[in-house]
Amino acid sequence: MLIPFLAALTLVVAQAPAPSSSAKPVTVLLAPTDVTRGTPRYLIGIAQEHVAEQLKARGLEVIRVEDVTRTLTKKQRTAMMRCKRTQPACIASLGAAAKTDVVMVTEVLPYLNGYKAGVRVYTAQDGAPLTEHSVPEVKKDQVMDALTRSLDEVVPITMRVLRPEPVAPPPVTPPVAQQTPQVTPGERQPVPGPDLTPGVQPPTDLGLSDTPTVETPGRRKWAWVPAAGGVVLAGVGTVFFVQSRGKLNDLNNNEFSTLEEAQEVRDSGKRSQTIGVVGIGVGAAAIAAGALMYFLPVKQTNVQPSVTLTPQGGGLSFAGTWQ
C-alpha cells in the first residue's frame with residue numbers, strides 16, 4: 001500500500017507546473033493617435049495590428065483600447081476617445097482604466113510626400129512621457145518597417161526603466177587561513193638562516209680584487225642623441241637656406257608692383273638665410289659632438305644632452321661628467 005502511494009505522489013509532483021517568474025511582463029495599453037486626418041483608416045488599423053504583434057513577440061502583454069472602452073458607459077467611452085493623446089490627464093485616465101504599466105500611442109501621420117510613422121510611450125500612472133521614436137517621410141509600403149524600427153528603440157528603454165536588472169553583489173573572496181607552526185614545549189626550534197654549503201664561506205668584497213675594471217659604455221649609449229639632433233637641424237637649415245636662395249632669385253628676376261612687396265621678399269629671404277646658416281652650423285656641431293662622445297674612450301659618464309629649436313635658430317647643450 002505504501003509503495004503505490006509514494007509512486008503516485010511522485011508522479012503528481014513531477015507533473016506539477018513550474019512556478020512562474022517573479023518578474024511580471026510589462027503591460028501596454030495600445031492606443032491609436034487622435035489625429036487621423038489625411039491617413040487612411042485601414043492603414044491605421046494595419047499599423048495597430050503590426051505594433052501589437054511586435055510587442056507580443058518581444059514578451060510584452062498588450063491590451064487594446066477597444067477592450068477597455070467596451071466596459072465603460074457611452075458617456076465615459078466618448079470622453080475617453082475624444083481626449084487628446086498628448087495630454088497627461090488623458091494618458092493617465094487611459095492607464096487607470098486599463099490598469100497597465102505604460103500607454104503606447106501609434107502614429108501614422110501625413111508628412112511631406114509620404115508619412116511619418118512612429119510610437120510614443122507614456123507612464124500610465126501620471127501620463128508623463130517616457131520615450132518616443134519616429135521615422136519621417138516614408139512611403140505607404142514602408143510604414144510597417146518604420147514602426148518596427150521605432151519599437152527597436154523604445155522597447156529596450158521601456159524595459160530598462162520598468163524592469164531594471166538587479167545588480168549582482170561582488171564575489172566574496174574567502175580569507176586565506178594562516179598556518180601556525182606547531183611548537184613542542186621543551187624542544188629547541190631551528191632558526192631559519194642563509195642557505196650555506198658546509199665548509200664554504202660567503203664571498204666578501206673588500207675592494208682588493210685584482211680583477212680589471214670593465215669600462216662602461218655610458219657615454220656611447222647617448223652618442224646617437226646629438227648625432228640625430230644634428231642631422232635634423234642640418235636638414236632643416238638646408239631647407240631654409242635653399243628657400244633663401246629662391247627668394248634671392250625672385251628678387252633679382254621678378255618685378256614687383258610696390259616697394260613694400262619687394263622689401264617683404266628681401267626680409268623673408270634674410271630670415272630664411274639666417275635660420276639656414278644657424279641650423280646647418282648647429283647641426284654640424286651636434287654631429288661632431290656625437291662622434292666625439294662615441295669614439296673617445298672613457299670609463300664612466302653621466303651625460304644629459306638637450307637640443308633646442310627656435311624659429312630664429314637652434315642650440316645643443318650637454319650636462320654631465322666624464323671620468
Side-chain angles (χ1 to χ4, degrees), residues 17-37 39-109 115-136 138 143-167:
S20 59
S21 177
S22 58
K24 297 181 180 179
V26 175
T27 56
V28 181
L29 174 62
L30 191 59
T33 180
D34 53 354
V35 180
T36 58
R37 182 178 300 176
T39 305
R41 188 175 297 273
Y42 78 91
L43 185 59
I44 297 177
I46 295 175
Q48 285 285 95
E49 292 297 327
H50 178 76
V51 173
E53 294 299 327
Q54 289 289 323
L55 292 176
K56 291 179 181 178
R58 299 165 195 264
L60 284 76
E61 182 179 348
V62 179
I63 300 177
R64 304 176 187 273
V65 71
E66 297 83 2
D67 300 335
V68 178
T69 57
R70 190 179 296 116
T71 60
L72 303 177
T73 62
K74 182 178 180 180
K75 184 177 180 180
Q76 293 175 340
R77 182 166 57 252
T78 303
M80 183 172 295
M81 295 304 296
R82 289 183 178 178
C83 69
K84 292 185 178 181
R85 305 292 193 271
T86 56
Q87 294 181 352
C90 178
I91 299 297
S93 62
L94 291 173
K99 298 179 181 179
T100 58
D101 296 320
V102 294
V103 177
M104 181 176 293
V105 179
T106 307
E107 290 185 333
V108 182
L109 306 175
Y115 295 94
K116 178 183 178 182
V119 293
R120 291 183 282 114
V121 183
Y122 301 87
T123 56
Q125 183 178 2
D126 52 4
L130 182 59
T131 181
E132 64 177 317
H133 186 272
S134 60
V135 182
V138 295
V143 170
M144 305 308 155
D145 293 335
L147 291 174
T148 302
R149 290 164 55 187
S150 297
L151 291 174
D152 291 338
E153 297 291 335
V154 302
V155 169
I157 298 176
T158 304
M159 297 299 295
R160 286 197 298 268
V161 173
L162 299 180
R163 298 292 187 271
E165 297 181 357
V167 180

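Distance alone, capped at 3.5 Å, is enough to place a donor-acceptor pair between the Thr123 side chain and the Ala128 backbone. Without hydrogens or angle criteria, Thr100 side chain to Val28 main chain gives no donor-acceptor distance under 3.5 Å. For Thr39 (side chain) and Val108 (main-chain N/O), a donor-acceptor pair under 3.5 Å exists by modelled atom type.
Rounded to the nearest 0.5 Å, atoms CG (Leu30) and CD (Gln48) are 4.0 Å apart. Of the inter-residue distances, the one linking His133 atom NE2 with Arg149 atom CZ reads 7.0 Å to the nearest 0.5 angstrom. With rounding to the nearest 0.5 Å, the separation of CD in Gln87 from OG in Ser93 is 9.5 Å. To the nearest 0.5 Å, atom CD of residue Glu107 and atom CD1 of residue Ile44 are 10.5 Å apart. Interatomic distance, Glu49 CD to Met144 CE, rounded to the nearest 0.5 Å: 10.0 Å.
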Determine all donor-acceptor pairs shorter than 3.5 Å in which one atom belongs to a side chain in residues 153-162; sequence neighbours excluded.
residue: Thr158; atom: OG1; partner: Val154; partner atom: O; Å: 2.8

| request: Report the C-alpha distance between Leu55 and Met104 in whole Å, list the side-chain angles of each, state the deciding distance to 0.1 Å, and finish with yes or no for side chain to side chain contact (heavy atoms under 4.5 Å, CB included). | output: CA-CA 10 Å; Leu55 292 176; Met104 181 176 293; 3.8 Å; yes
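When all heavy atoms of Gly59 and Pro25 are compared, the pair lying nearest together is O-CB, 3.7 Å. Nearest heavy-atom pair across Gly118 and Leu147 is N-CD2, 3.6 Å.
Residues in residues 52-61 take part in these salt bridge (Lys or Arg N to Asp or Glu O under 4.0 Å) pairs, two or more places apart or across chains: Arg58-Asp152.
The number of heavy atoms from other shown groups lying within 6.0 Å of CD (Gln125) does not exceed 12.
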